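In what follows, chains are A, B, ... by sequence order, proteins preceding strands, each numbered from 1. As the structure is a prediction and not an experimental result, all values here were calculated from the model.
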There are 2 protein chains.
Amino acid sequence: MQNISEKILDVATKGFALAGYDGTSLSAIAKEVGIKKPSLLYHYPSKEQLRSAVLNRVFEHWNDELPRILKLATSGEDRFNGLLNEIVRFFVTDPNRARLVMREMLDRPDHLSASMEDYLGPYITILSDYIQKGVERGEVRKDVQPRAYVLHVIQMVVGGVATASSIGATSIEDHVSEIVRIARSSLFVDTPQFQKTELSEEKNNG
Amino acid sequence: MQNISEKILDVATKGFALAGYDGTSLSAIAKEVGIKKPSLLYHYPSKEQLRSAVLNRVFEHWNDELPRILKLATSGEDRFNGLLNEIVRFFVTDPNRARLVMREMLDRPDHLSASMEDYLGPYITILSDYIQKGVERGEVRKDVQPRAYVLHVIQMVVGGVATASSIGATSIEDHVSEIVRIARSSLFVDTPQFQKTELSEEKNNG
DNA sequence: CCTACCGATCGGTAGG
DNA sequence: CCTACCGATCGGTAGG
């Protein structure tokens, strides 16, 4: 049994993701939590502050996870697989995270730009540098624009998961496996043998 | 000077794209058009019908344009360039079109899925068949999943343009040129010499 | 194309 | 954590 503040965050995340911020009333959130609106406003003093709390929780995951993955990985190939697998896993596990981020990009582009810079900025720079080194080593295509590439791959995963249900996607696993293929084959000079992602291994073992 | 129904559509498109359907009131739309709310409701009898009219206008463009492009193009390479250039041009010309489609995917996934099937379904199938033929000719990578590939490229353009302002994108032209590179290099077996898109040619000439 | 109005719902507060 | 209430705004209608 989780505490009420966390339960409010869970319910609000689902509501904001599926119906949007304007489309989700505080009364509706409170009702699903099992309390009344004024009680909810004791935990989060305004709807805007609830919105921030919901979004920050999504971003904080990456603050914990990104350094761990980057330390584990050694080769460029390892890093690519580790990072992309974790990004895919995170959003496929709960597609509402992807919908939430996508809506926030549309609703408050400037605010989200600042949050991304705070939470992900340093890592995007590190990744861009890795890619640049890959170019020098001859492993990565020369015409890659490192920073734009990283942003587009993130966008492709988030957007692909968020909109999978609006596009007659057969299965979410097949759908994202093509994203992984596109990302890999447009990055490396010579596409390696097809290598299973952790996700598809889990699927085959399960 | 356009007629009032069209002006309402223009203003509503901008509003729905930037602030969302729930975030744009009929009074606000009417005010910007220069009339009052009841007058607006004479042209579009409900907010939902205005929403449909706005969305249909975006889709109808493709009903006119897609057959034209497919007829013009002869080689697979031509078709790829022609189509991708037109998709990019359409959404970069007015990014609100991209934001609108993205929001609709999130707000009403089932409804948009049906609209996409109606307007684009046949063409997506045709494109998938072309890609399959390219595989047989040895021009296209064997591990491409044709239908998923097409959907992801569309999604990458729409999502990339819609969220360009939320991502510290330097210039929209550089941003989309990396999308074109990713799409091309992940499709063809042997990436051709870098070939300018019509968009970047216009930029260089202008 | 307008004024005037409807019930419903919104985010938030008072006060306990 | 609640009941009771606030002004503002929503989509939509009546009637001209």
B:Ser115-B:Glu104 side chain donor-acceptor pair, cut-off 3.5 Å:
no
Going by heavy atoms in the side chains, are A:Glu178 and B:Val144 under 4.5 Å from each other?
yes
Listed nucleotide nearest any side-chain atom of A:Pro38, set D:dG12, D:dA4, C:dG11
D:dA4
Gap between atoms CD and P, on B:Gln49 and D:dG11 respectively (whole Å):
15 Å
Protein-nucleotide distance (B:Asp22, atom CG; C:dT9, atom P), rounded to Å
14 Å
Distance check needed: C:dG11 P versus A:Tyr44 OH, whole Å only.
17 Å
Indicate yes or no: does A:Arg57 engage A:Glu60 in a salt bridge with an N to O separation below 4.0 Å.
no
Send over the distance from A:Leu40 CG to C:dC10 P, rounded to a whole Å.
13 Å
Are more than 12 heavy atoms from other residues, nucleotides or ligands located less than 6.0 Å from atom NZ of A:Lys47?
yes
Does a donor on one side chain sit under 3.5 Å from an acceptor on the other, for B:Arg103 and B:Tyr21?
no
Nucleotide paired to D:dG15 in any strand shown, Watson-Crick or G-U, under 3.5 Å
C:dC2
Figure out the CD1/P separation between B:Ile29 and D:dG12, and round it to whole Å.
11 Å
From the list D:dG12, D:dC1, C:dC1, which nucleotide is the closest neighbour of the side chain of B:Lys37?
D:dG12
Does C:dC10 have OP1 or OP2 under 4.0 Å away from a side-chain N or O of A:Ser25?
yes
Look at the side chain of A:Ile35 and decide which nucleotide, out of C:dT3, C:dG11, D:dC2, has an atom nearest to it.
D:dC2
A:Lys47 side chain near C:dG11 phosphate (N/O to OP1/OP2, under 4.0 Å)
yes
What is the distance, rounded to the nearest whole Å, between atom CG of B:Leu41 and atom C1' of C:dA4?
15 Å
Quick check on DNA chain C: between A:Glu48 and B:Lys36, whose nearest nucleotide comes earlier from the 5' end?
B:Lys36
Heavy atoms under 4.0 Å, any strand shown: does A:Ile4 hit a base, just sugar-phosphate, or nothing?
sugar-phosphate
Between D:dG12 atom C1' and B:His43 atom NE2, what is the distance in whole Å?
16 Å
Taking OP1 and OP2 of D:dC10, is either one under 4.0 Å from a side-chain nitrogen or oxygen of B:Ser27?
yes
